[in-house]
Amino acid sequence: MKKKESTVEDLRGMIDMQKLPRHIAIIMDGNGRWAQRRGMPRVFGHKRGAERVKNVVEQCRALGIQILTLYAFSDENWGRPREEVSFLMDMLGSYLRSEIDSMKKNGIRFRTIGRIERLPASASTWIEKARSETEQNSGMVLNLALSYGGRGEILQAIRRLQSAGGIPEELREEHLSRHLDTAGLPDPDLMIRTSGEQRISNFLLWQAAYAELYFTEVLWPDFDEKELLLSIVDYQKRHRRFGLTGEQLPQGVGRDDAPTAAESHR
Ligand code: IPE
Ligand code: IPE
Ligand code: MG
């Protein structure tokens with residue numbers, strides 16, 4: 001007999017609220033293919049993708065996720081056709097304009113990573129407004145990766161270290177972490193990529209060292225609450241060992257305890 005597919009309610013019931021990923025990072029991929037499969041221009045998929053962003057932000061917030069990082073535009077994406085890039089930039093501005101009130105109402109703290117100085121004023125003005133008007137909020141952090149690349153971010157951190165007094169003789173990981181765009185945020189626990197591609201595409205190279213990776217065939221415009229819950233249920237089945245042996249980690253060890261044990265050997 002064919003197994004009945006789980007519903008959103010079934011999946012909600014399967015989630016252990018004590019073991020939620022603290023930080024989820026998503027590579028939102030597949031907008032173009034979603035549109036092309038419908039005989040529509042790629043930008044149609046981006047529009048639908050932006051609607052999904054609204055839903056996923058709300059679902060993560062309601063669930064109690066503390067940080068959600070969304071890869072919205074990579075450094076490499078600047079190389080796309082000019083019309084597509086300007087469509088995405090316009091969409092970003094209008095997304096922020098329409099969401100700012102709901103971020104404020106829901107206690108969301110908005111921030112970004114990446115080279116936002118490269119974005120047009122129509123987008124960066126709204127970014128600054130959303131950031132400053134939500135910085136006192138204490139709810140979920142919504143972190144958008146815009147004009148972002150992991151390698152560029154690491155280089156930039158080294159430059160910042162140099163200009164903040166030079167590279168310390170005993171250079172440690174935290175010296176660099178403190179100068180990354182993600183300074184102050186814990187590393188992602190769960191990294192999701194939609195659309196079936198199984199690669200990182202220059203996303204959070206440093207921070208994803210011990211992230212659990214989750215790949216789904218679902219294209220971003222089809223990523224709904226059920227898909228989000230499926231990824232969390234899958235994450236909760238994983239055994240995170242952080243380089244230690246299973247025996248060293250007592251059953252149900254806290255996600256934050258294990259790296260501390262491993263770090264003591266660095
Ligand atoms: C992700 O969808 C959105 C951005 C990278 C801005 P794509 O536009 O990459 O969609 P595909 O991968 O071509 O289907
Ligand atoms: C990664 O998707 C970037 C974003 C989702 C913003 P791409 O579609 O740009 O990545 P590649 O080219 O397939 O690696
Ligand atoms: Mg893509």
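Residues take their numbers from the sequence shown, with the count starting at 1. Counting starts at 1 for both ligands and their atoms, following the listed order.
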Taking [atom] as the reference point, the nearest protein heavy atom with its distance:
atom: atom 1 (C) of ligand 1; result: Met28 O, 3.0 Å
atom: atom 13 (O) of ligand 2; result: Arg199 NH2, 2.8 Å
atom: atom 4 (C) of ligand 1; result: Arg80 NH1, 4.0 Å
atom: atom 10 (O) of ligand 1; result: Gly32 N, 2.9 Å

Residue [X] vicinity, atoms of ligand 2 by number, heavy atom under 4.0 Å:
X: Ser201; value: 10 (O), 11 (P), 14 (O)
X: Asp29; value: 2 (O), 8 (O)
X: Phe73; value: 6 (C)

Looking at [X] and [Y], does any basic side-chain N land under 4.0 Å from a carboxylate oxygen?
X: Glu58; Y: Arg61; answer: yes
X: Arg151; Y: Asp75; answer: no
X: Lys226; Y: Glu5; answer: yes

Please confirm whether Trp126 and Tyr95 have ring centers closer than 6.0 angstrom.
->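 Centroid separation for Trp126 and Tyr95: 6.0 Å or greater.
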Would Arg193 count as a contact of ligand 2 if the rule is a heavy atom under 4.0 Å away?
->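 Yes.
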Run the numbers for me: atoms of ligand 1, each under 4.0 Å from some heavy atom of Arg33, listed by number.
->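 Ligand 1 atoms under the 4.0 Å threshold to Arg33: 11 (P), 12 (O), 14 (O).
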Quick one: which ligand 1 atoms are inside 4.0 Å of a heavy atom on His46?
->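 Going through ligand 1 atom by atom, the ones under 4.0 Å from His46 are 3 (C), 8 (O).
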Min side-chain heavy-atom separation Ile167-His175 under 4.5 Å |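 They are not in side-chain contact.
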May I have the step-by-step check of salt bridge (Lys or Arg N to Asp or Glu O under 4.0 Å) for Glu128 and Arg131, ending in yes or no?
-> CA-CA 5 Å; Glu128 181 44 31; Arg131 192 201 60 74; 2.8 Å; yes
Under a 4.0 Å heavy-atom limit, does [X] contact ligand 1 with its side chain, its backbone, both, or neither?
X: Asn77; result: side chain
X: Glu76; result: neither
X: Ala72; result: backbone

Parallel under 30°, tilted from 30 to 60°, perpendicular over 60°: which one fits the rings of Tyr71 and Phe203?
->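 It falls in the parallel class, under 30°.
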Quick one: which of Val56, Val53, Asn55 gives a side chain to side chain contact (heavy atoms under 4.5 Å, CB included) with Phe223?
->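 Per the side chain to side chain contact (heavy atoms under 4.5 Å, CB included) rule, the option paired with Phe223 is Val56, out of Val56, Val53, Asn55.
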Would a hydrophobic clustering, with Ile, Leu, Val, Met, Phe, Trp and Tyr connected at side-chain separations under 4.5 Å, put Tyr235 with Val8?
->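 Per the 4.5 Å side-chain linkage, Tyr235 and Val8 are co-clustered.
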May I ask whether Arg42 has any heavy atom positioned less than 4.0 angstrom from an atom of ligand 1?
->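 Distance cut 4.0 Å: Arg42 passes for ligand 1.
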Can you find a non-hydrogen atom of Gly30 under 4.0 Å from ligand 1?
->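 So Gly30 counts as touching ligand 1.
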Donor-acceptor pair, side chain of Asp234 and main chain of Ser231, under 3.5 angstrom |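 The answer is no, because no donor-acceptor pair under 3.5 Å joins these two groups.
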Metal proximity, Asp29 vs the Mg ion (ligand 3), N/O/S cut-off 2.8 Å |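 Yes, since at least one N, O or S atom of Asp29 sits under 2.8 Å from the Mg ion (ligand 3).
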